Amino acid sequence: MAKIQAPRGTHDILPPESRHWIEMERRTHELMRRWGFEEIRTPMFESEELFVRGVGQGSDIVRKEMYTFTDKGDRRLSLRPEGTASVARAAVEHGMLQPGRVLKLYYQGPMFRYDRPAAGRYRQFHQMGAEVIGSAAPVADAEIIGVFWAWLLEMGLQGLTVRLNSVGCPVCRPAYRERLRDFLRPKLEWLCGDCKERFEKNPMRILDCKVPGCQAEIVGAPSTLDSLGEECRTHFEEVQACLQAAGIRFEIDPGLVRGLDYYTKTAFEVHHAGLGAQSAVGGGGRYDGLVEEVGGGSSPGVGFSTGLERILLALEADGVAELAPPARPDWFVATVNSDARDEALRLVTALRRRGAAEMDLSGASLKSQFKQADRLGAAKVIVLGPREIERGVAMVRDMATHQENEVPLKELYTGGSESA
RNA sequence: GUGGGCGUAGCUCAAUGGUGGAGCACCGCACUGUGGCUGCGGUGGUUGUGGGUUCGAGUCCCAUCGUCCACCCCA
């Protein structure tokens with residue numbers, strides 16, 4: 001039979017790597033508890049419409065990266081490409097948004113995008129993210145960037161940079177777009193093909209273009225920041241003041257434009273130096289129009305998301321060897337021959353109520369059982385053979401000191417002796 | 001989606017077009033009821049897959065799948 005491989009862009013998470021995932025999740029829950037966020041778990045597929053409206057028709061994600069299918073009931077469904085739209089949908093659907101109430105939620109799980117795979121980019125990948133919904137205040141933006149920053153430090157990462165920008169709001173953005181078009185129109189013929197297209201659809205993306213010719217043409221272009229309306233400008237200044245108060249360093253990056261259509265005002269990304277082309281470990285921003293877009297009342301929000309595979313790659317680049325060391329058994333119960341099997345089973349069952357205990361499952365020789373115990377890093381090996389069982393004792397060997405003592409079985413069962 | 005690199009044992013890698021190897025890992029033996037170190041031995045490959053060229057292909061050609069890099073985009 002021909003082998004079946006995992007689909008392109010997907011990957012199995014195997015031991016010992018799965019230990020790192022367990023540890024990341026454990027630290028996430030613990031940190032979020034301290035920051036007062038509660039977990040929300042939403043479906044991995046949703047109506048296609050949710051993402052079309054939420055993430056945006058114009059975004060690359062919706063235009064070419066969604067896994068969309070029709071189910072047996074003729075519903076158009078999409079595997080979720082990101083988490084925020086689902087959180088907003090669930091908050092609206094369950095009436096969690098009441099005027100004056102601030103919701104703090106986090107989520108964690110697989111996301112799906114039909115993208116060409118590369119290092120740090122997969123078709124099924126995992127994100128963790130958090131949202132503050134119900135507050136338009138700058139301190140909410142700082143709360144999100146702050147919890148993200150704390151989370152990154154909790155994972156043990158170094159060499160991180162926060163880039164911050166404001167992309168304006170539906171009031172001031174159109175005005176800025178026009179100013180930018182006016183500036184670029186005389187230079188249009190010198191721009192690359194992609195940028196000529198962007199000129200009509202999304203001229204702000206031109207600022208992000210990597211083509212050297214375009215870079216030269218945009219010198220002196222009006223900055224988003226100079227074109228912010230009064231409200232957006234004040235908000236941006238206040239966010240910066242809050243970040244300074246919270247002790248978070250950042251760089252202003254006027255070229256930072258995010259790929260999801262729902263962002264307003266604050267946009268940010270965090271980059272890691274050791275990651276190559278896919279250097280963003282996460283990002284986010286404010287989305288004051290999203291809740292309304294998915295059918296709720298007007299409710300402002302701000303959030304972040306981070307890619308867990310990239311976090312692991314960044315940790316590797318930082319030389320963090322082990323997020324979580326292997327679990328070592330306290331005891332390995334070894335049998336001299338098969339007559340001791342039942343006693344060993346009884347004993348290992350009893351020991352497992354108090355700690356981690358292992359026994360041989362393959363009928364291996366005593367020597368081989370010691371090798372197993374050594375490989376597992378067991379602290380002690382308990383030897384059961386005819387000589388011991390007859391007298392109601394077991395030989396207990398300390399693997400570090402090589403000391404062996406006879407211990408009555410009764411004590412091993414009750415944990416009554418220090419020697420066990 | 002565009003351009004390019006790479007697919008050989010579980011892992012990391014060798015093999016001028018001429019009988020596919022090594023290290024690590026795994027299993028066993030070294031006076032038979034005891035681990036790590038050492039020595040010796042062993043298991044393990046339809047060379048990603050399918051075609052083609054050739055007396056002969058891991059090696060050359062085509063296709064396909066996968067992977068990696070850059071672009072794009074982003075996490």
Side-chain angles (χ1 to χ4, degrees), chain A residues 1-11 14 16 55 59-65 80-84 108-129 148 152 192-195 197-198 202 205 208-212 256-260 267 269-272 275-284 304-314 332 334-337 339-340 360 362 364-389 394-404:
Chain A
M1 289 283 276
K3 274 188 227 167
I4 298 176
Q5 305 176 303
R8 180 167 162 87
T10 69
H11 58 156
L14 311 172
V55 176
S59 65
D60 281 9
I61 291 175
V62 169
R63 274 176 35 233
K64 45 192 191 192
E65 294 176 6
R80 61 180 183 193
E82 60 102 49
T84 303
Q108 188 168 39
M111 306 291 165
F112 306 85
R113 292 184 200 174
Y114 190 87
D115 218 353
R116 184 146 163 185
R121 190 168 68 194
Y122 312 96
R123 290 185 172 179
Q124 175 176 333
F125 61 103
H126 297 78
Q127 282 191 331
M128 179 267 150
F148 185 21
L152 291 163
C192 71
D194 283 344
C195 284
E197 229 173 281
R198 290 175 181 136
N202 193 353
R205 278 288 173 80
D208 229 5
C209 188
K210 309 291 189 296
V211 176
L256 191 149
V257 180
R258 308 228 75 222
L260 289 70
E269 286 180 355
V270 178
H271 289 257
H272 185 271
L275 237 42
Q278 269 77 43
S279 72
V281 294
F304 82 86
S305 70
T306 178
L308 301 184
E309 282 84 357
R310 287 198 192 167
I311 296 298
L312 253 14
L313 288 174
F332 189 102
T335 52
V336 172
N337 59 37
D339 293 342
D360 171 62
S362 65
S365 68
L366 185 64
K367 181 197 266 294
S368 163
Q369 292 179 66
F370 266 87
K371 274 189 191 167
Q372 288 178 50
D374 185 56
R375 201 176 311 149
L376 291 168
K380 286 172 178 166
V381 172
I382 299 173
V383 180
L384 289 175
R387 298 203 300 244
E388 288 80 12
I389 290 177
M395 186 70 80
V396 178
R397 179 179 177 91
D398 184 305
M399 293 296 275
T401 66
H402 304 200
Q403 289 256 321
E404 286 189 1

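Remember, predicted model here, so these are calculated numbers, not experimental data. Note on naming: letters A, B, ... go to the chains in the order of the sequence lines (proteins, then strands), and numbering restarts at 1 for each one.
- A distance of 12.5 Å separates NZ in A/Lys380 from CD in A/Glu404, rounded to the nearest 0.5 Å.
- Between A/Leu313 and A/Ala119, the shortest heavy-atom distance links the atoms CD1-C, 4.5 Å.
- Across all strands shown, A/Gly83 has no heavy atoms under 4.0 Å from either base or sugar-phosphate atoms.
- Residue-level contact check: A/Val381 touches neither bases nor backbone, having no heavy atom under 4.0 Å from any strand.
- B/U2 atom C1' lies 15 Å from atom CG of A/Asp60, rounded to whole Å.
- Side chain A/Arg121 to base B/C68: no donor-acceptor pair is found below 3.5 Å.
- Base pairing analysis places B/A63 opposite B/U49; the two distances defining the Watson-Crick or G-U wobble pair are each below 3.5 Å.
- The one candidate from A/His126, A/Gln124, A/Arg121 that meets the side-chain hydrogen bond (donor to acceptor under 3.5 Å, both in side chains) condition with A/Glu309 is A/His126.
- Using atom C1' as the reference point in both B/G17 and B/C60, the two lie 8 Å apart (nearest Å).
- Remark: B/G35 base-pairs with no nucleotide in the shown strands. Criterion, Watson-Crick or G-U wobble with two distances under 3.5 Å.
- A gap of 15 Å separates the C1' atoms of B/C29 and B/U43, to the nearest Å.
- To the nearest whole angstrom, the two C1' atoms, one in B/U19 and one in B/U47, are 15 Å apart.
- Separation of the C1' atoms belonging to B/U8 and B/G58 is 6 Å when rounded to the nearest angstrom.
- The only member of A/His271, A/Arg310, A/His272 that meets side-chain hydrogen bond (donor to acceptor under 3.5 Å, both in side chains) when paired with A/Ser279 is A/His271.
- Taking atom OH of A/Tyr122 as the reference point, atom C1' of B/C69 lies 13 Å away to the nearest angstrom.
- Rounded to whole Å, the separation between the P atoms of B/G51 and B/G10 comes to 23 Å.
- RNA chain B is contacted by both A/Ala6 and A/Gly307; A/Ala6 maps to the nucleotide lying nearer its 5′ end (nearest heavy atom per residue).
- Of the candidates B/C72, B/C74, B/C69, the closest approach to any side-chain atom of A/Ala119 belongs to B/C69.
- Counting any heavy atom pair closer than 4.0 Å across all strands shown, A/Gly129 reaches no nucleic acid atom.
- Between A/Tyr114 and A/Arg123 the shortest side-chain heavy-atom distance falls below 4.5 Å.
- The separation between A/Ile4 atom CD1 and B/U49 atom P is 16 Å, rounded to whole Å.
- Remark: B/G3 base-pairs with B/C69. Criterion, Watson-Crick or G-U wobble with two distances under 3.5 Å.
- In this structure, A/Tyr122 and A/Met111 have side chains that are not in contact, with every pair of non-hydrogen atoms separated by 4.5 Å or more.
- For B/C26, the OP1/OP2 oxygens have a side-chain nitrogen or oxygen of A/Arg375 closer than 4.0 Å.
- Here the CZ atom belonging to A/Arg397 is positioned 5.5 Å from the CZ atom belonging to A/Phe370, to the nearest 0.5 angstrom.
- No salt bridge links A/Asp374 with A/Lys371; every basic N to acidic carboxylate O contact stays at or beyond 4.0 Å.
- The ring pair (Phe, Tyr, Trp, His ring centres under 6.0 Å) test applied to A/Phe125 returns no partner, not counting sequence neighbours.
- Both distances falling under 3.5 Å, in either a Watson-Crick or a G-U wobble arrangement, occur for no nucleotide opposite B/U16.
- The shortest heavy-atom contact between A/Gln127 and A/Arg113 is NE2-NH2, 4.0 Å.
- Taking a pair to require two hydrogen-bonding distances under 3.5 Å in either a Watson-Crick or a G-U wobble arrangement, B/C26 pairs with B/G42.
- Atom CD of A/Gln372 is separated from atom C1' of B/G36 by 15 Å (rounded to the nearest Å).
- B/G21 and B/G45 have their C1' atoms separated by 11 Å, with the value rounded to a whole Å.
- Side-chain to base pairing of A/Glu404 with B/U34: one donor and one acceptor N or O lie within less than 3.5 Å of each other.
- Heavy atoms of A/Gln124 sit nowhere under 4.0 angstrom from any nucleic acid atom.
- Rounded to whole Å, the P atom of B/U59 lies 29 Å from the corresponding atom of B/A70.
- Where A/Asp115 and A/Pro386 meet RNA chain B, the nucleotide closest to each residue was compared, and A/Pro386 sits on the side nearer the 5' end.
- A heavy-atom distance below 4.5 Å is not found between the side chains of A/Pro386 and A/Asp339.
- A/Asp374 has its CG atom 7 Å from the P atom of B/G36, to the nearest Å.
- Closest to the side chain of A/Arg113, from the set B/U34, B/C68, B/C74, is B/C74.
- Separating the CG atom of A/Asn337 from the P atom of B/U34 is a distance of 13 Å, rounded to the nearest angstrom.
- Within 4.0 Å of A/Ala118, counting heavy atoms only, lie sugar-phosphate atoms of the nucleic acid but no base atom.
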What N/O pairs connect the protein and nucleotides 3-7 of chain B at under 3.5 Å? Give each pair on its own line.
| residue | atom | partner | partner atom | Å |
| --- | --- | --- | --- | --- |
| B/G3 | O6 | A/Arg116 | NH2 | 2.7 |

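- Distance, A/Gln369 CD to B/U32 C1': 16 Å, rounded to whole Å.
- The listed nucleotides are B/G33, B/G28, B/A75; the one nearest the side chain of A/Gln127 is B/A75.
- Here B/C73 is the nucleotide among B/C73, B/G35, B/A75 with the atom lying nearest to any side-chain atom of A/Glu65.
- Between the base of B/G36 and the side chain of A/His402 there is a donor-acceptor pair shorter than 3.5 Å.
- Between the side chain of A/Arg63 and the base of B/C73 there is no donor-acceptor pair of N/O atoms closer than 3.5 Å.
- Checking the phosphate oxygens (OP1, OP2) of B/G35, a side-chain nitrogen or oxygen of A/Lys367 falls inside 4.0 Å.
- Across the protein-nucleic acid pair, A/Arg397 atom CZ and B/G36 atom C1' stand 10 Å apart, rounded to whole Å.
- Contact between the side-chain N/O atoms of A/Arg8 and the OP1/OP2 oxygens of B/U67 is found at a separation under 4.0 Å.
- B/G20 and B/U34 have their C1' atoms separated by 40 Å, given to the nearest Å.
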